[in-house]
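Data block below; observations after.
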Amino acid sequence: MTNNHMFQPELILQKKSTLFGLVVLVVIGTLMIPVIIPHIFHGFHVVHIGLHIGGLVLAVFITLIASIAYFRLKTKRLLFTAIAFGIFIAAESLLLIDATWPSIYEIIELSLLEIGHILTIGTLGLLALGVFRND
């Protein structure tokens, strides 16, 4: 006799609502102490940070969904989509760091804000490439 209520980790990847909930918990749990709590009483600034956290959650979730779809179907469109949203994770991470600790980090004379915007444009370029491909 088998127990149908046993935990099956592979089902997490199949049920999108469960995967989304898990992504929300992991991202917010990871950012709670270093990012959210220190800015919780900073008025609108915490809303700005919250927008970037929301973008990061969505980017991680869509990257996972696109990656799962790519590994099932192996199309170049899905590969470009997965890579594009992976780049968007990097962009949102840099923009979150810049929103949380402004004017602290610079890379090769570029601010994190500028690099984040460059990565966002790269995301849009890869998404356009995936949309206009004729596979």
Side-chain angles (χ1 to χ4, degrees):
M1 184 174 203
T2 62
N3 184 356
N4 290 334
H5 300 295
M6 290 180 55
F7 176 68
Q8 298 171 330
E10 65 274 2
L11 293 180
I12 291 173
L13 297 178
Q14 292 176 359
K15 193 167 182 184
K16 290 180 184 74
S17 60
T18 304
L19 180 61
F20 183 72
L22 183 64
V23 167
V24 168
L25 287 175
V26 168
V27 171
I28 290 177
T30 302
L31 298 174
M32 186 62 74
I33 292 175
V35 176
I36 298 169
I37 291 175
H39 298 281
I40 199 77
F41 298 115
H42 290 176
F44 185 74
H45 190 234
V46 76
V47 175
H48 182 203
I49 289 171
L51 288 171
H52 287 295
I53 292 171
L56 187 59
V57 165
L58 290 174
V60 170
F61 176 68
I62 296 171
T63 300
L64 287 172
I65 296 297
S67 297
I68 291 166
Y70 170 72
F71 285 114
R72 285 186 184 150
L73 301 174
K74 304 279 189 198
T75 67
K76 288 187 180 177
R77 283 179 161 197
L78 286 171
L79 177 62
F80 287 137
T81 301
I83 293 170
F85 282 109
I87 291 172
F88 196 63
I89 290 172
E92 276 300 330
S93 297
L94 291 177
L95 293 172
L96 177 62
I97 290 168
D98 186 66
T100 306
W101 303 287
S103 303
I104 292 180
Y105 299 101
E106 286 187 4
I107 301 172
I108 315 170
E109 297 186 27
L110 291 174
S111 71
L112 292 183
L113 186 63
E114 292 165 329
I115 296 170
H117 286 119
I118 290 167
L119 290 173
T120 301
I121 291 170
T123 297
L124 291 173
L126 281 172
L127 287 173
L129 188 62
V131 166
F132 296 119
R133 263 192 82 74
N134 292 325
D135 285 6

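Atom set for the values below is all heavy atoms of this structure, side chains included, hydrogens, waters and symmetry mates excluded.
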Is there side-chain contact between [X] and [Y], with at least one heavy-atom pair below 4.5 Å?
X: V131; Y: F80; answer: no
X: L31; Y: L96; answer: yes
X: L124; Y: F88; answer: no

Are [X] and [Y] joined in one hydrophobic group, where the rule is that I, L, V, M, F, W and Y side chains link up if heavy atoms are under 4.5 Å apart?
X: L110; Y: L112; result: yes
X: F71; Y: I89; result: yes
X: I36; Y: L25; result: no
X: V27; Y: L51; result: no
X: F132; Y: F85; result: no

Checklist line | For I83, side chain to side chain contact (heavy atoms under 4.5 Å, CB included) partners two or more places apart | finding: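 Checked I83 against side chain to side chain contact (heavy atoms under 4.5 Å, CB included); matches are L79, I87, L126.
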Item checked: Set of side chain to side chain contact (heavy atoms under 4.5 Å, CB included) partners for L113, sequence neighbours left out -> L95, D98, S111, H117
[Y] backbone acceptor or donor facing [X] side chain under 3.5 Å:
X: T123; Y: A84; result: yes
X: H39; Y: V47; result: no
X: S67; Y: A82; result: no

Distance check, rounded to the nearest 0.5 Å: [X] atom [atom1] versus [Y] atom [atom2]?
X: K15; Y: L22; atom1: NZ; atom2: CG; answer: 13.5 Å
X: S93; Y: I115; atom1: OG; atom2: CD1; answer: 13.0 Å
X: L56; Y: T63; atom1: CG; atom2: OG1; answer: 9.5 Å
X: I53; Y: H48; atom1: CD1; atom2: NE2; answer: 11.0 Å
X: I65; Y: T81; atom1: CD1; atom2: OG1; answer: 13.0 Å

Checklist line | G116 to L94 - nearest heavy-atom pair and separation | finding: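 What the structure gives for the nearest pair is N-CD1, 4.4 Å.
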Margin query: For H52 versus A99, what's the shortest heavy-atom pair and its separation?
Written below: CD2-CB, 3.9 Å
Next item on the list: May I have the step-by-step check of side chain to side chain contact (heavy atoms under 4.5 Å, CB included) for L58 and F20, ending in yes or no?
Entry: CA-CA 8 Å; L58 290 174; F20 183 72; 4.0 Å; yes
Notebook entry, point to check: What do you reckon, is CD1 of I33 surrounded by more than 12 foreign heavy atoms closer than 6.0 Å?
Noted result: no
Note to self: Looking at Y70, I'd like to know if the NZ or CZ of K74 sits under 6.0 Å from its six-membered ring centre while staying within 45 degrees of the ring's axis.
What the structure shows: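 Judged by the rule, K74 and Y70 form a cation-pi pair.
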